[in-house]
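The structure appears below as structure tokens.
Atoms within a ligand are numbered from 1 in the order they appear, just like the ligands themselves. Values below: every heavy atom of this structure, side chains too, minus hydrogens, waters and symmetry copies.
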Amino acid sequence: MTRVAFLGLGAIGAPMAKHLAQPPFELAVWNRTAAKARTFAFSAGTGVRVAKSPADAARGAEFVVLCLPTSQDVDTLLDGAEGLLAGIVRGSMVIDCTSGDPATSRTISARLAAIGVGYIDAPVSGGTAGAEKGTLTVMCGGDEALFERAMPVMRAFGEKIVLCGPTGSGDAVKAVNNALLAVHLWAAGEGLAALTKAGVSPALALDVINASSGGSRTTERLFPERVLSRAFPRTFRLALLDKDVGIAAGVARENKVPSPLLQLTSELFRAAHSMLGEEADHVEAVRVIEQWAGVEIK
Ligand code: NDP
């Protein structure tokens with residue numbers, strides 16, 4: 001049995017962890033809100049251990065998987081009497097599935113290396129549905145030997161699993177991927193608001209666009225299923241997409257790449273996040289466009 005600790009049972013963490021709640025894995029879980037960890041262990045229906053603290057979860061684990069909102073949250077979790085560093089075992093490794101920022105991931109990696117613990121950044125894509133099916137894309141950064149070692153754990157929830165480069169590379173790819181999602185979402189929102197006001201049915205417009213050169217996953221899936229239906233299910237918080245676009249804009253700036261579109265998209269999503277609050281879903285950013293335009297895309 002491979003002993004794994006999973007910390008962070010949020011919207012995507014919980015369905016990822018479910019795949020590790022069975023042989024050949026022996027799972028310990030920790031969540032900041034303890035009730036969620038207890039509910040998880042109950043519904044997993046096996047011998048999942050609910051740990052009292054990050055240190056308690058990590059004790060005895062060969063792999064510690066993290067899935068928190070930000071790299072800063074991960075860095076903070078390392079410290080304190082019951083923090084991760086107090087329990088983690090020399091020779092073990094951390095698989096950080098947080099969509100993080102490359103610079104903080106490098107700092108965390110160095111802090112862990114100093115006590116003989118390995119680290120890879122391993123953010124995921126594919127949404128909560130992909131997590132449930134175990135078909136996530138996992139984009140990793142770090143040492144190749146550590147990447148190979150982590151493979152059996154990542155295979156439990158991932159399908160396409162790629163080493164993108166040194167530590168922080170997985171974070172950088174993930175941030176750019178999500179910035180593209182944000183660009184598509186916003187641009188399609190503006191375009192469809194304009195078409196709706198011009199008297200064209202948005203369903204008909206999407207049907208045409210999805211058979212043409214402007215279509216994307218956003219127009220194929222998100223608009224029909226979530227906007228036109230007015231369902232706006234909450235699967236991935238707008239606050240987290242705002243964070244991701246900000247990271248992508250930062251990566252562009254740090255590398256001295258002129259990036260007016262990424263910077264503007266980051267500003268737009270920061271504004272939408274502040275208008276709609278912490279719990280809004282990312283697709284609800286379209287509601288801001290609708291409000292400005294005075295039209296509903298339906
Ligand atoms: P959620 O907001 O649903 O859950 C966040 C989790 O982190 C909860 O378990 C929460 O605990 C915990 N947490 C929050 N702050 C802290 C903290 N300071 N210290 C310790 N634990 C904390 O987020 P998601 O599960 O959606 O996202 C997690 C990561 O995965 C993010 O980086 C996100 O960008 C990424 N991601 C999410 C996807 C999605 O579809 N949802 C898709 C791909 C990537 P508590 O229960 O106490 O609030």
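Taking the ring centre of Phe63 as origin, the terminal cationic atom of Arg3 falls outside the region bounded by 6.0 Å and 45° from the ring axis.
In terms of protein heavy-atom proximity, atom 4 (O) of ligand 1 is nearest to Gly10 CA, 3.3 Å. The single protein non-hydrogen atom nearest to atom 34 (O) of ligand 1 is Lys243 NZ, 2.9 Å, given as residue, atom name and distance. At the top of the distance list for atom 13 (N) of ligand 1, counting protein heavy atoms only, stands Pro69 CD, 3.7 Å. Nearest non-hydrogen protein atom to atom 29 (C) of ligand 1 is Leu68 O, 3.3 Å. In terms of protein heavy-atom proximity, atom 30 (O) of ligand 1 is closest to Ile12 CG2, 3.5 Å. Looking only at heavy atoms of the protein, atom 3 (O) of ligand 1 is closest to Ala11 N, 2.9 Å.
Proximity annotation for atom 9 (O) of ligand 1: of Leu136, Asp281, Asn31, Asn31 comes nearest, heavy atoms only. Of the options Cys67, Ala14, Ala239, Ser125, the smallest heavy-atom separation from atom 28 (C) of ligand 1 is shown by Cys67. In this structure, of Asp242, Val124, Thr235, the residue bringing a heavy atom nearest to atom 40 (O) of ligand 1 is Thr235.
Other members of the cluster containing Val183 are Leu261, with ILVMFWY side chains joined at under 4.5 Å, either directly or via other members.
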Distance-only criterion, 3.5 Å: show the donor-acceptor pairs between side-chain atoms of residues 111-120 and protein atoms not counting sequence neighbours.
{"unit_1": "Arg111", "atom_1": "NH1", "unit_2": "Asp75", "atom_2": "OD1", "d": "3.1"}
{"unit_1": "Arg111", "atom_1": "NH1", "unit_2": "Asp79", "atom_2": "OD2", "d": "3.4"}
{"unit_1": "Arg111", "atom_1": "NH2", "unit_2": "Asp79", "atom_2": "OD1", "d": "2.5"}
{"unit_1": "Tyr119", "atom_1": "OH", "unit_2": "Asp96", "atom_2": "OD2", "d": "2.7"}
{"unit_1": "Tyr119", "atom_1": "OH", "unit_2": "Ser105", "atom_2": "OG", "d": "3.1"}

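Heavy atoms of Gly8 approach ligand 1 to within less than 4.0 angstrom.
Under a 4.0 Å criterion applied to the non-hydrogen atoms of Arg237, ligand 1 contributes the atoms 2 (O). The Lys36 neighbourhood of ligand 1 comprises atoms 45 (P), 46 (O), 48 (O), with distances under 4.0 Å to a heavy atom of that residue.
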